[in-house]
Every structure is written in structure tokens, then in C-alpha cells.
Visitor: 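Shown below is the structure under consideration.
Naming convention: chains lettered A, B, ... in sequence-line order (proteins, then strands); numbering from 1 in each chain.
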Amino acid sequence: MATDSRKRQAKREDGRPKTATLADVAKVAGVTSMTVSRVIKGSGYVAPATREVVLRAAQELNYTANLAARALVTGRTGAIAIISGDLNLPYCANIVYLFDSLLSASGYQIHLLHTRGELRDLINSTNSASVDGVIVAGMHHFFEELSSLDRHVIPPCVHVGITKPSQGDYVHVDLRPAVEEALERMLAAGRKRIALVGVGSHLSVDETEIRPQTYISMMQNAGRELEFVSASPRYEVPGPERVNIIKQYIEANGCPDGLLCFNDDIAIQTYRALMDLGYRIPEDVLLVGCDGLPILQYFEPPLSTIAQPMEEMCALAWKFLQNRIATPDAPPQCTNFDAQLIVRKSLQN
DNA sequence: TGGACCTTTGCATTTAAGCG
DNA sequence: CGCTTAAATGCAAAGGTCCA
């Protein structure tokens, strides 16, 4: 102990800042560092009087736990990586916000990543994962790739989103029933031209994407022509530009009388384009988005949307990940939710 | 190459309390 | 008083990286 103190003192003379350690607190409190550790962690037996003395010493020395040293012993970093799409997308921002609330409440820190390269760097930096777990929001291809890597290097992983990975823990939401319901309502209302807004006829988003898949099968079963208003749902296309793309399409081709939008962002831009061109909702066009953004209810008329039970999904995914961290070899945990169609005036005749 | 860094964990030891 | 049990505390080792 005396040796340690001399070394710390020497460092201080070198001009390096000295931070209090468990041993420093222990010395002041007159106990060993193990007792201090128990008090700080709140685990194990410590007499109330001893606890008080230790806490006072810790406060006096402005002690904060050395997370790196703790990770060294426990193999836990107290950090979770979240890999999501771009935060420009309200859907992704909302997911990150929800996980942030959940993880913070559990005392975890978040590493927010957007690319597989970022996670790889994180892992390579120490030859082992420097996070306790990974949440992959959407991006199921990435999840599959991650799951196939060396399990000794890759931390526990859970996927949450509208695609269903072939392995691992996941929380999946099925958009199909709600998309079908929206299209059935448009068909039942006698709408002649029902188009999908946001994806081109070449289905540039993802061939496994359930929205265009459902749209195509429903329209074909109803004997209807397929019609795609190509306005990339990706964030690279700025909103005003997308409004113009949609307006140009309508001016060139006339306006479909039913519009299913790939997401709520696109629904809002489609709304803007329709208003600018003098179309009425729902009289001329039935309009529905997808994401469940609350702001849609404040439009006039209020916009319909396909909503996912985001809070339940995120809470369950976090529970799955905690289970996986605790028992790495347990069987896969999977849950499926159905998205719900929120019908507002834009989808009512 | 080996020791220092800092913390936690499993196990061992000591102390206190309860009871006949 | 002496035994048993529970509570409280301490010891030793381990972990990855850095630096002399």
C-alpha cells in the first residue's frame, strides 16, 4: 500500500492528474479496498457504520470508479452498441431514443454506430468486443453477417425490426397485415389507381422488403395494374427534392386515387405535393404512410399510418439482450408483433 | 520480459450474536 | 460458558495494456 502511495505521489509530481482509487478511499476509511468495493457496488455484507465511513471518504476524495479496471476484471464494459440507420430518419431516431431511455435506466452507456466498419473498429481495438452487447435496429443483412462471425469475439447481439433474421435473438414486426388492410380499404372504396410511393418498379430498396411485396401480391390478386411513384425512401434525397419528384410524376401521369407511402416521411412529402397541386384528401386521393409518427395526427386532414409497437419492441429486445449477456448459450429468443393500421381521415371516404 | 495499473471475485478467516 | 450460525472483512489471483 505504501509503495502504491509513493508511486501515485511520484506521478503527481510529474504533473499527471491524480484520481482517487479504491485503495486511496480504503486508506482514508481505515478498511481494505475490498470493503470499499462492496460499498461502492452495494453488494455483499458491509456494516452500516463502515458503509457510512467509506462513503464519506469516497466523497471527500471525489472518487469515481475506474471503468476500464472494472471491465478488466468482470469482462463487462457497461456499454451497449446500437447500430441503426441514419438518424435523419424519424423511425431510426425514435428507436435510438427509446433504447437510450431503457439502457440509461439500467446504468448502461451507449455506443451509437451506423456502419459495420465502426463496430469492427470497436472490436479490433482491443482484440475483443469493448461492448457487452449489440442491438441492431433494422439492417438485418448486417445482423446476419455479424452473427456468422467468431462468437468469441462478437458480443451478444439482438435484432429488432421489420425483417426477420434467420438466426439469433430477434424482435420482429410484421407489416403485412396492416399493409393488406390499408390496401383492402382502398380497393373497397373503389379506387382505380393505387400506387406505392417511395420505391421504383425495380424495387431498389430490398427484395425482401415486405411493403412492396405485399403491394404487388395484393394488386395482382385484385387484377390491378402496378404503379410505382419512384422517390427513394433513403435519407440522401432531401425532402424538398422528393416533393418535386412526386409533383413531377403527378403532373406527367395524372394522380393515382390511392397512395400507399413507404414511410411517414414520404407521406408528409406526398401530402405537400398533393396540396400544392390542388388535390383533396380524401376526396381525390386516399393517403396512408408507414411508421406511426405522432405528428401525422396534426395534419389536416389527419394522415393515416401503419404503426409499430415501438416501446414494447424495444423493451423486449433489451430484455432479450440482457438474457443473452447473462446466459450466452441459452436457446434463441424470438417474438413477432403485428403492425397496426391507424385509420384517420386521409383513409376514410 | 516483467511489473504496475485498478477492480472484482471466490474463498478463507475473524467477529458478533443467539441460545441452551 | 461453549457451541453454532450468520455477518463482516480480508487475501490472493486474474484480467489486457503500457512502459521501462
Visitor: Of the candidate nucleotides dG10(C), dT9(C), dT8(B), which contains the atom at the shortest distance from the side chain of Val31(A)?
Guide: dG10(C)
Visitor: If I take atom CG in residue Leu22(A) and atom P in nucleotide dC11(C), what distance separates them, rounded to the nearest angstrom?
Guide: 15 Å
Visitor: Find the distance Lys27(A):NZ to dC6(B):C1' and express it as a whole number of Å.
Guide: 16 Å
Visitor: Give the rounded distance in Å between these two atoms: CZ of Arg38(A) and P of dT8(B).
Guide: 11 Å
Visitor: For dT7(B), does either OP1 or OP2 sit under 4.0 Å from a side-chain N or O belonging to Tyr63(A)?
Guide: yes
Visitor: In Å and rounded to the nearest 0.5 Å, what is the SG to CD1 distance from Cys261(A) to Ile268(A)?
Guide: 10.0 Å
Visitor: If we only count heavy atoms from C-beta on, is the Leu316(A) to Glu312(A) side-chain gap below 4.5 Å?
Guide: no
Visitor: Are the side chains of Thr35(A) and Thr50(A) in touch, meaning some heavy atoms are under 4.5 Å apart?
Guide: yes
Visitor: Please confirm whether the shortest side-chain N or O distance from Ser33(A) to OP1 or OP2 of dT7(B) is below 4.0 Å.
Guide: no
Visitor: Are Thr35(A) and dA8(C) close enough that a side-chain N or O sits under 4.0 Å from OP1 or OP2?
Guide: no
Visitor: Look up atom CG in Asp264(A) and atom CZ in Phe299(A), then write down how far apart they are to the nearest 0.5 Å.
Guide: 9.5 Å
Visitor: Which nucleotide, dT7(B), dT8(B), dG10(C), lies nearest any side-chain atom of Ser37(A)?
Guide: dT8(B)
